[in-house]
Amino acid sequence: MNNNIFPCLWCDEEAADAATFYCSIFNGKITADTPVVMNIELFGQKLMLLNGGPQFKKNASVSFMVICEAEDEVQKYWDLLMEGGNVMMPLDAYPWSKKYGWVKDKYDVSWQIFLGEKQTGQKLVPTLMFIHENNGKAMEAMELYTKTFPDSRIGNILKYGDGNPAGEPAEHIQQAHFEIDGYSFFCMDNSHDHAFDFNEGISMVVMTDDQQQTDLYWNALTSGGGRESMCGWLKDPYGFSWQIVPKRLIQLMNDSDQEKAYKVVQAMMRMQKINIEELEKAYSS
């Protein structure tokens, strides 16, 4: 499992509670526990929870598909996630699954619980919904992502087709699978006028090996209408948020010399794209 790519959930002081909640449901474990960052592992996959404040709220433009092998497994996850949650699509039989439901939990994270076969070894799959001005751009986005990252591919694609009950354009994507650097995603187009869209509430973290890789991903994802933000954050041309984080930054921030680590954090806070050389200078100053 590639744990150099993983989702980040923006939280408002509830990261610890949410981490405990998800670990109890999915038999996960907490791997990092700090006041700002909680890391957990679910099904061997890394998930980060960040206590960032009240600025951003998670929404269903990014959901998590949980692929289950048995009906009782679907029911178990559904019942537990429904505690304090809300139904988005009822648990029922659908053309694509004998047992499927979409629920928003009490921490505003959306889950699609799906009875079916895994397309890869990955059980938990982030799913991107391309809506509003991005509707119809799911294919374009997959092409950008798979062109940018190594070990990437576009997998199965299901289009809405003519005369679909949802009234979607036939050529738009109902569901597609793609991988970047071996990490699986699903995506879809949707023409409904939802009261939400991509924001920083759910982002993807990409850990990089060096400055060259950092520059490559940063430049590719901010080109063509993307936007640079602060501290390694960016928005791609579709408004989806990424964090491009050199592994060296984490090493320096976790240095046993707290004064040196603090200098690194202060330097990072002034950056948009992370510059490893400048971090090293701050560390040595």
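Position 1 is the first residue of the sequence; numbering continues from there.
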Within the distance-only criterion (no hydrogens, no angle test), does the side chain of [X] pair as donor or acceptor with the backbone N or O of [Y] below 3.5 angstrom?
X	Y	answer
Ser152	Asp181	yes
Gln45	Leu124	yes
Thr31	Asn39	yes
Asn164	Gly161	yes
Asp108	Lys58	no
Gln211	Ile274	yes
Thr127	Val125	yes
Gln122	Ser184	yes
Lys123	Ile67	yes
Asp197	Ser61	no

Transitively linked via ILVMFWY side-chain contacts under 4.5 Å: [X] with [Y]?
X	Y	value
Phe186	Phe130	no
Met188	Val62	no
Phe240	Val109	yes
Tyr283	Tyr262	no
Ile180	Leu221	yes

[X] atom [atom1]: more than 12 heavy-atom contacts under 6.0 Å:
X	atom1	value
Glu71	CD	yes
Glu133	CD	yes
Asn27	CG	no
Lys118	NZ	yes
Gln266	CD	yes

Could you tell me whether Asp209 and Lys247 make a salt bridge, using a distance below 4.0 angstrom between a side-chain N and a carboxylate O?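 Looking at Lys247 together with Asp209, the answer is yes, because their closest N to O distance falls below 4.0 Å.
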Between Glu278 and Lys281, does at least one N-O distance fall below 4.0 Å, as a salt bridge requires?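 Looking at Glu278 and Lys281, the cut-off is met.
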Test item: [X] and [Y] side chains (from C-beta on) under 4.5 Å apart, heavy atoms:
X	Y	result
Met82	Leu91	no
Phe178	Cys187	yes
Thr208	Trp218	no
Trp10	Gln55	yes
Asn59	His194	no
Thr20	Met38	no
Met230	Met268	no
Arg248	Leu279	no

Looking just at side-chain N and O atoms, do Gln243 and Ser203 make a donor-acceptor pair shorter than 3.5 Å?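 The answer is yes; a qualifying pair exists.
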How close do [X] and [Y] get, heavy atom to heavy atom, and via which atoms?
X	Y	result
Ile202	Leu9	CG1-CD2, 4.0 Å
Ala170	Asp162	CB-OD1, 3.2 Å
Val74	Cys68	CG2-CB, 3.6 Å
Ile244	Leu234	CG1-CD2, 3.7 Å
Asp189	Ala138	OD1-N, 3.2 Å
Pro7	Lys46	CD-O, 3.5 Å

With respect to Trp111, which candidate in Phe26, Phe21, Trp78 satisfies the ring pair (Phe, Tyr, Trp, His ring centres under 6.0 Å) definition?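 Between Trp111 and the candidates, ring pair (Phe, Tyr, Trp, His ring centres under 6.0 Å) is satisfied uniquely by Phe26.
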Kindly compute the distance separating [atom1] ([X]) from [atom2] ([Y]), expressed to the nearest 0.5 Å.
X	Y	atom1	atom2	value
Met204	Ser241	CE	OG	12.0 Å
Leu144	Lys137	CG	NZ	12.0 Å
Lys159	His172	NZ	NE2	9.5 Å
Thr34	Leu50	OG1	CG	9.0 Å
Lys260	Gln258	NZ	CD	13.5 Å
Thr214	Asn219	OG1	CG	10.0 Å

Report the C-alpha distance between His177 and Arg153 in whole Å, list the side-chain angles of each, state the deciding distance to 0.1 Å, and finish with yes or no for side-chain contact (heavy atoms from CB on, under 4.5 Å). CA-CA 9 Å; His177 167 247; Arg153 68 182 183 94; 3.6 Å; yes
Could you name each residue pair satisfying side-chain hydrogen bond (donor to acceptor under 3.5 Å, both in side chains) that touches residues 83-102, not counting sequence neighbours?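 Matches after skipping sequence neighbours: Gln75-Lys99, Tyr100-Gln112.
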Return the orientation label for the Phe43 and Tyr77 ring planes: parallel under 30°, perpendicular over 60°, tilted otherwise.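 It falls in the perpendicular class, over 60°.
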Among Met129, His132, Glu168, side-chain contact (heavy atoms from CB on, under 4.5 Å) partner for His192: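 The passing option is Glu168.
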Given the rule in the side-chain contact (heavy atoms from CB on, under 4.5 Å) test, do Thr222 and Lys273 qualify, once you have shown the distances and angles that lead to the verdict? CA-CA 11 Å; Thr222 55; Lys273 179 179 68 177; over 6 Å; no
Checking Leu42 against Phe64 for the side-chain contact (heavy atoms from CB on, under 4.5 Å) test, could you report, in this order, the C-alpha distance in whole Å, the side-chain angles of both residues, the deciding distance, and whether it holds? CA-CA 12 Å; Leu42 307 178; Phe64 294 95; over 6 Å; no
Would a line drawn from the ring center of Phe198 to the ring center of Tyr238 be shorter than 6.0 Å?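 Not under 6.0 Å, so no.
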Would you say the ring centroid of Phe149 lies under 6.0 angstrom from that of Trp242?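 Yes, they do, as the ring centres are separated by less than 6.0 Å.
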Might you work through the side-chain contact (heavy atoms from CB on, under 4.5 Å) test for Val66 and Glu73, ending with a clear yes or no? CA-CA 10 Å; Val66 183; Glu73 185 184 13; 5.7 Å; no
